[in-house]
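Below is one structure; the comments refer to it alone.
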Amino acid sequence: MASLARSWTANAARCSRRTRFATSVLAQVRHNSFAKIEERPLETPDDWTEFQLKRAEYQTLIDTFSEYGSTQNRDNTFQPHHSLHRPVAPSDITLSALIASGAHFGHSETRMNPNFIPYAYGVRAGITIIDLDHTLPLLRRAAQVVRGVAARGGSIVFVGTRSDLRPAVRLAAERLGKQGYHVGERWLPGTLTNRVHMFGPDVAKDEQVVPDLVIFLNPIPNIHAIRECALEHVPTIGIVDSNVDPRVVMYPIPANDESTRTAELIAGLLSVAGREGVALYEEEQAKAALVAAKKGPRHREPHSA
Amino acid sequence: MNIARHVAKSAFRFRTYATTAYVPPASLATLQRARVPPPKPKPESPTFYTGRATYYDQLLALESAAKHTRSALQELELLPLPRFAQENLPPLYGVWKNKLDLGELMSAKLTTSRYRRFIAQLNQLNEYRRLAEVAGHVELAERIQRVLGMFERDNKDAILARGKRKPVKFDEYGRSYTIGRRKESTARCWVIAAQPAEGESASSATPSEATEEVTTEVTASQTPDVPESSSPPAIAASIEGFESPAPSVKVSTTNILINNIPLSEYFPHVSDRERVVRPFRIAGLLGAYNVFAIVRGGGSTGQSGAVTLAIAKALAAHAPDVEPLLRKAKLLKRDPRMVERKKTGRAKARKAYTWVKR
């Protein structure tokens, strides 16, 4: 029995031993030592250079042999950061993408808000399942709103006050350029209603402080912000979960508010729509500037209604 | 939790009947409308609605700088750094502006949590800068330093130099000047390496051998009646059949002068002389240096202790290899013990008057 075990381990060891490398590869690599990087402390800059070169060698080796391996690589497979850096366009959003991000998970059955029932598919294992057949058109409607507001030069604020939502709102605002803003930390009460005190009388008078659209990725902790928007007549879009009354925001998107991937997907989608709107606005501005330049400085535009 | 109630309440604050006059649709076209004011400019910063735009802009800029540096270091194969490489990194000192100064920089009062978050980002960037510097990527380290320099204190160098001993300077003859103190005494000491005598090898340290002058100074007062002829080679020669194991080596003589008086005369007690010579013994450099010291204040113990400290500091300057030995022997530490003051109600510092029951 013991000899059998020993032979098995020997065979296993023989299988995992490194295969002989092609001589051409050896010729390419400068140092012929494929021994493990010696674990001695690095003292001089030359030691560090040696260390870096050795690591670069390993990387070259991996890159060379990656060509002979699987066709799947880091670039053409799913990576967790893709939902942040590769947003889906509103026309490309699918039900399966929503399910994959976990948008259909609501909160527990006992916490369901009765006004949410039209958007709930049902209950399973004590958890409300959100009907994505309602979510998808509402999401596309919200995207239309964002595109429309951006196309008319409106300012759009993305609000996501959890630590995992911070990069999503920041990148979404970046996509909108000068018309995009983000709030990744706590919304200070009185930002809109007490703007004279908060930003100073000069800023409150000279600049347009009240935004044209606010998008909430987590509305429950930001209920005061939603109230301020309602008081200042600012249209709102928000991801509403099953424990929230969908009527708090103007354009609710029934989806899971706890999932980071869902929030990143929705924020990305809305920001892509916003980017299209910004492009439309800039095109229009350029045309208007061209027309004004042609007509000359003496021509005066009649006051538009 | 009743959000609907909140919304309904706010709705009821506004009147439900018309507040403006009725205008028939046909006259709408001729109606004089109020002049539409020109659109106001929008806020500049994307973090305007956080209420602390300057702070968050700076923080996000730091975070993106850290991200770019991280990817650059990954490209250079420096990150992730294995443990054996982390060992020899020099220590990290971040002397950042305090909360008030940083708040002034951002024209807004900083809370402690925001300040800490900012400093955490600065420390992260500082670590990357250290790594780039140690690996020899000077340009990258400089670029990071330019970012960090904005948030460092103005007197950073002064703060980092605190606690570091000023280096002992040597004059054109190779003399070191050091000061030692003990109790109320101060000793100023000049130490110079002894010249090798003509025709002999240089007086480098021979740990086991003692110089004639120094040993005779120390032992002369110990045993005054021992005749000159009883030096080890003479004794060895007088005993028949005794073979000295090695030929005697001539070592150059050195002097220790205190207030222009030789050591043996200035300190009559053995303990004081031993104390003064102890640094040489521990370093094994007994015949290697000449010493000239001026001592003022205190008594014999204080003065000998002061000279000892001054000599130890000088030796550490002349022969840096010897410093760990002297440090281990606690010769480089200024003895902080001073005479304790007398207190009221007591005969001396601690001595109490005789206790009386009634």
Side-chain angles (χ1 to χ4, degrees), chain A residues 37-43 45-49 51-56 58-59 111 113 115 153 155 157 159 170 173-174 176 178-188 190-192 198-199 203 205-209 211 214 219-220 223 226-227 230-231 243-245 247-248 303-305, chain B residues 1-11 13-14 28-29 31-36 39-53 55-56 59-60 63-64 67 73 75-89 113-114 117 131-138:
Chain A
I37 295 174
E38 302 160 39
E39 295 214 349
R40 54 179 174 77
L42 309 164
E43 272 136 28
D46 289 327
D47 284 345
W48 282 94
T49 319
F51 168 73
Q52 286 175 266
L53 283 172
K54 260 238 152 62
R55 275 183 148 188
Y58 275 118
Q59 196 55 47
R111 293 189 195 280
N113 193 299
N115 296 300
S155 56
V157 184
V159 178
R170 185 173 58 85
E174 261 172 45
L176 266 69
K178 279 188 272 193
Q179 291 170 240
Y181 301 86
H182 64 273
V183 175
E185 315 282 331
R186 183 177 152 257
W187 173 283
L188 297 175
T191 306
L192 298 183
M198 183 146 251
F199 301 113
V203 173
K205 203 170 71 136
D206 300 333
E207 286 179 14
Q208 185 211 321
V209 178
V214 182
I220 298 171
I223 205 70
I226 293 173
R227 198 171 145 271
L231 286 168
N243 57 348
V244 183
D245 183 351
R247 298 173 301 174
V248 295
H303 291 295
S304 50
Chain B
M1 235 6 265
N2 236 315
I3 298 153
R5 206 186 284 160
H6 281 142
V7 171
K9 259 193 194 158
S10 62
R13 287 198 199 99
F14 303 101
L28 274 173
L31 190 68
Q32 290 281 353
R33 298 241 182 206
R35 273 205 200 155
V36 176
K40 290 189 199 167
K42 294 198 178 41
E44 276 280 335
S45 162
T47 50
F48 178 81
Y49 293 97
T50 57
R52 306 269 179 269
Y55 169 76
Y56 284 109
L59 187 70
L60 291 177
E63 278 177 13
S64 80
K67 221 181 280 186
L73 290 173
E75 283 277 322
L76 294 168
E77 305 289 347
L78 285 171
L79 282 182
L81 200 65
R83 192 163 298 185
F84 70 88
Q86 279 171 17
E87 278 163 21
N88 266 58
L89 290 173
S113 52
R114 288 203 183 108
R117 193 159 152 210
L131 187 56
E133 224 174 77
V134 164
H137 299 287
V138 179

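Note that this is a predicted model, so its numbers are computed, not measured. Each chain gets a letter, A, B and so on, in the order the sequences are listed, and its residues count up from 1.
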- side-chain contact (heavy atoms from CB on, under 4.5 Å) against B:P82, all qualifying residues, sequence neighbours excluded: A:F51, A:R55, B:F84, B:A85
- Query: Which one of A:R170, A:M198, A:K178 has the most heavy-atom pairs closer than 4.5 Å to chain B?
  - Reply: A:R170
- At a heavy-atom separation under 4.5 Å, does A:V183 approach chain B through its side chain, its backbone, both, or neither? both
- Message: Restricting to non-hydrogen atoms, name the atom on A:L188 and the atom on B:T50 that form the minimum distance, rounded to 0.1 Å.
- Response: CD1-O, 3.2 Å
- Side-chain (A:Y181) to main-chain (B:P43) donor-acceptor, under 3.5 angstrom: yes
- Task: Any chance you could measure A:T49, atom OG1, to B:H137, atom NE2, to the nearest 0.5 Å?
- Result: 7.0 Å
- Message: Under a 4.0 Å threshold between the charged nitrogen and the carboxylate oxygen, would B:R117 count as salt-bridged to A:E185?
- Response: yes
- Message: Strictly distance-based, threshold 3.5 Å: is any side-chain N or O of B:Y56 a donor or acceptor partner for the main-chain N or O of A:G184?
- Response: no
- Identified side chain to side chain contact (heavy atoms under 4.5 Å, CB included) partner of A:W48 from the options B:N88, B:L76, B:L78: B:L78
- Query: Can you check whether A:K205's main-chain N or O pairs, donor with acceptor, with B:K40's side chain at less than 3.5 Å?
  - Reply: yes
- So, the part of B:L59 with a heavy atom under 4.5 Å from chain A: the answer is neither
- At a heavy-atom separation under 4.5 Å, does A:Q59 approach chain B through its side chain, its backbone, both, or neither? side chain
- Message: Report which part of A:A56 has an atom under 4.5 Å of a heavy atom belonging to chain B: side chain, backbone, both, or neither.
- Response: both
- Task: Among the options B:G136, B:P41, B:S45, B:A53, pick out the one with the most heavy-atom pairs lying under 4.5 Å from chain A.
- Result: B:P41
- To the nearest 0.5 Å, atom CZ of A:R40 lies from atom CD of B:E87 at 12.5 Å
- Task: Check whether any side-chain N or O of B:K42 sits under 3.5 Å from a backbone N or O of A:V209 as a donor-acceptor pair, and report yes or no.
- Result: no
- Calculate, to the nearest 0.5 Å, the distance between atoms OG and CZ belonging to A:S155 and B:F48 respectively. 10.0 Å
- Query: With only heavy atoms counted, which part of A:I226 is less than 4.5 Å from chain B, the side chain, the backbone, both or neither?
  - Reply: neither
